[in-house]
Peer 1: 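For reference, the structure I am asking about is given below.
This is a predicted model, so every value here is computed, not measured. This chain uses plain numbering: 1 for the first residue, then up along the sequence.
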Amino acid sequence: MQKMEILKALSTAKVVAVVRGNSPEEATEISKGAIEGGIQAIELTYTTPFIEDTFKALRNSDALIGAGTVLDAETARHAILNGAKFVVSPSYNGDIAIICNRYSIPYLPGCLTIKEMVTALEGGSDIIKLFPASQFEPSFIKSVKGPLPNVTIMPTGGVGLANMHEWLDAGAVAVGVGSDLHKAYAQDGYAGVVERAKAYTKNLAN
């Protein structure tokens with residue numbers, strides 16, 4: 001899959017499930033539940049121990065699988081070798097950008113300020129992760145696009161069923177969601193994740 005195809009797939013998916021687990025088995029369960037519920041993009045975070053096992057478990061999935069909480073170039077390369085189609089970090093890292101650009105993998109760094117966004121754009125990032133989005137209103141996207149009309153933003157952190165359309169209507173290319181799915185898993189296990197993912201899918205269609 002080429003870089004432009006990956007970016008198009010992220011744009012089409014609209015919802016990216018950010019998956020953290022206490023074990024690779026838990027991360028796999030949450031991911032498969034989200035996929036069964038209709039979510040088309042999964043971000044497997046490197047806070048999960050032995051996350052490479054989850055990458056292997058999802059290798060034949062039709063969903064777009066990426067890596068999150070990537071803090072250095074070594075981890076980015078590890079993720080790419082394990083099949084990650086996009087790489088996400090909580091802040092911009094130039095070394096990660098080099099690795100991702102080398103292998104034509106989209107890099108989505110977390111940014112808060114205009115200066116950080118400009119730095120990320122200069123480093124070749126096609127999508128900026130606004131993180132934590134809970135600190136902003138959706139109208140922030142319009143404000144940013146004044147001086148930076150070419151910036152593409154994916155808010156993550158504090159985004160859920162109640163406000164996802166506000167962000168998408170404001171111009172977000174996609175939204176990252178996670179805590180909702182994890183709460184569903186804690187309460188009702190795999191079936192709970194499937195139902196919550198279906199709620200996101202239904203909400204997108206409305």
Peer 1: Knowing that exactly one of Ile153, Ile128, Ile114 qualifies, which makes a side-chain contact (heavy atoms from CB on, under 4.5 Å) with Leu148?
Peer 2: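 It is Ile114, the one option of Ile153, Ile128, Ile114 that forms the side-chain contact (heavy atoms from CB on, under 4.5 Å) with Leu148.
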Peer 1: Please check if atom CD in Glu137 has more than 12 non-hydrogen atoms from other residues, nucleotides or ligands closer than 6.0 Å.
Peer 2: no
Peer 1: Run Lys145 and Val151 through side-chain contact (heavy atoms from CB on, under 4.5 Å) and show every step you take.
Peer 2: CA-CA 7 Å; Lys145 282 183 172 289; Val151 73; 4.1 Å; yes
Peer 1: Tell me, do Arg196 and Tyr185 make a side-chain contact under 4.5 Å, heavy atoms counted?
Peer 2: no
Peer 1: Grab the two heavy atoms, one from Phe136 and one from Leu130, that are nearest each other, plus how far apart they are.
Peer 2: CE1-CD1, 3.9 Å
Peer 1: Yes or no on side-chain contact (heavy atoms from CB on, under 4.5 Å) for Ile141 and Trp167, after CA distance, side-chain angles and deciding distance?
Peer 2: CA-CA 8 Å; Ile141 293 179; Trp167 284 104; 3.8 Å; yes
Peer 1: How are the rings of His78 and Tyr46 set relative to one another: parallel (under 30°), tilted (30 to 60°) or perpendicular (over 60°)?
Peer 2: perpendicular
Peer 1: Determine, for Glu195 against Lys198, whether the closest basic-nitrogen to carboxylate-oxygen distance falls under 4.0 angstrom.
Peer 2: yes
Peer 1: For the CG atom on Asp169, are there more than 12 heavy atoms of other groups (residues, nucleotides or ligands in this structure) within a distance under 6.0 Å?
Peer 2: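 Result for CG/Asp169: enclosed.
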Peer 1: Around Lys14, counting heavy atoms of other residues, nucleotides and ligands shown, do more than 12 lie under 6.0 Å from its NZ?
Peer 2: yes
Peer 1: Do the side chains of Val175 and Val177 get nearer than 4.5 Å, heavy atoms only?
Peer 2: yes
Peer 1: Among the clusters formed by ILVMFWY side chains lying less than 4.5 Å apart, do Leu161 and Leu204 turn up in the same one?
Peer 2: yes
Peer 1: What closest approach, in Å, do Ala197 and Gly33 show between heavy atoms, and which atom pair accounts for it?
Peer 2: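 Heavy atoms only, the tightest pair is CB-O, 4.1 Å.
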Peer 1: Compare every heavy atom of Gly123 with every heavy atom of Asn101, then report the nearest pair and how far apart it is.
Peer 2: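 Shortest heavy-atom contact: ND2-O, 3.0 Å.
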Peer 1: Where do Thr201 and Ile39 come nearest, in terms of heavy atoms and distance?
Peer 2: OG1-N, 4.0 Å
Peer 1: Using only heavy-atom distances, determine whether the side chains of Arg20 and Thr47 contain a donor-acceptor pair under 3.5 Å.
Peer 2: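 Result is yes, a qualifying pair exists.
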Peer 1: Shared ILVMFWY cluster between Phe55 and Phe50, side chains joined below 4.5 angstrom?
Peer 2: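 They do not share one cluster, since no chain of ILVMFWY contacts under 4.5 Å joins Phe55 to Phe50.
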Peer 1: Is it the case that the side chains of Asn93 and Tyr107 hold a donor-acceptor pair, with the cut-off being a distance below 3.5 Å and no angle test?
Peer 2: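 Checked: Tyr107/Asn93 side chains show no N/O donor-acceptor pair below 3.5 Å.
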Peer 1: Just so I know, are the side chains of Val87 and Ile96 near enough to count as touching, which here means a heavy-atom distance under 4.5 Å?
Peer 2: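 In short, these two side chains touch, coming nearer than 4.5 Å.
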Peer 1: For Lys115, does its backbone N or O pair with a side-chain atom of Thr119 as donor and acceptor, under 3.5 Å?
Peer 2: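 Checking the backbone N and O of Lys115 against the side chain of Thr119, a donor-acceptor pair under 3.5 Å is found.
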Peer 1: Please give the remaining members of the hydrophobic cluster of Tyr190, linking ILVMFWY side chains under 4.5 Å, ordered by chain and number.
Peer 2: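 Tyr190 shares its hydrophobic cluster with Val194.
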Peer 1: Find out if a path of hydrophobic residues (ILVMFWY) with successive side-chain heavy-atom gaps under 4.5 Å connects Val18 to Leu112.
Peer 2: no
Peer 1: Looking only at non-hydrogen atoms, find the nearest pair between Ile35 and Ser61 and report the distance.
Peer 2: CD1-OG, 3.4 Å
Peer 1: Is Asn22 atom CG crowded by more than 12 heavy atoms from other residues, nucleotides or ligands, each under 6.0 Å away?
Peer 2: no
Peer 1: Met164, Val19: one ILVMFWY side-chain cluster at the under-4.5 Å cut-off?
Peer 2: yes
Peer 1: Are the side chain of Asp188 and the backbone of Ala191 linked by a donor-acceptor contact shorter than 3.5 Å?
Peer 2: no
Peer 1: Does one hydrophobic cluster hold both Val88 and Phe131, with members joined at side-chain heavy-atom distances below 4.5 Å?
Peer 2: no
Peer 1: Hey, are Arg77 and Tyr103 close enough side-chain-wise for a donor-acceptor pair under 3.5 Å?
Peer 2: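 The answer is yes; a qualifying pair exists.
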Peer 1: Between Lys3 and Asp126, is the closest basic N to carboxylate O distance under 4.0 Å?
Peer 2: yes
Peer 1: Does the side chain of Thr28 come under 3.5 Å of the side chain of Thr54 through a donor N or O and an acceptor N or O?
Peer 2: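 Yes, side-chain donor-acceptor contact under 3.5 Å.
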Peer 1: Minimum heavy-atom separation for Ser31 to Leu44, with atom names?
Peer 2: OG-CD2, 3.3 Å
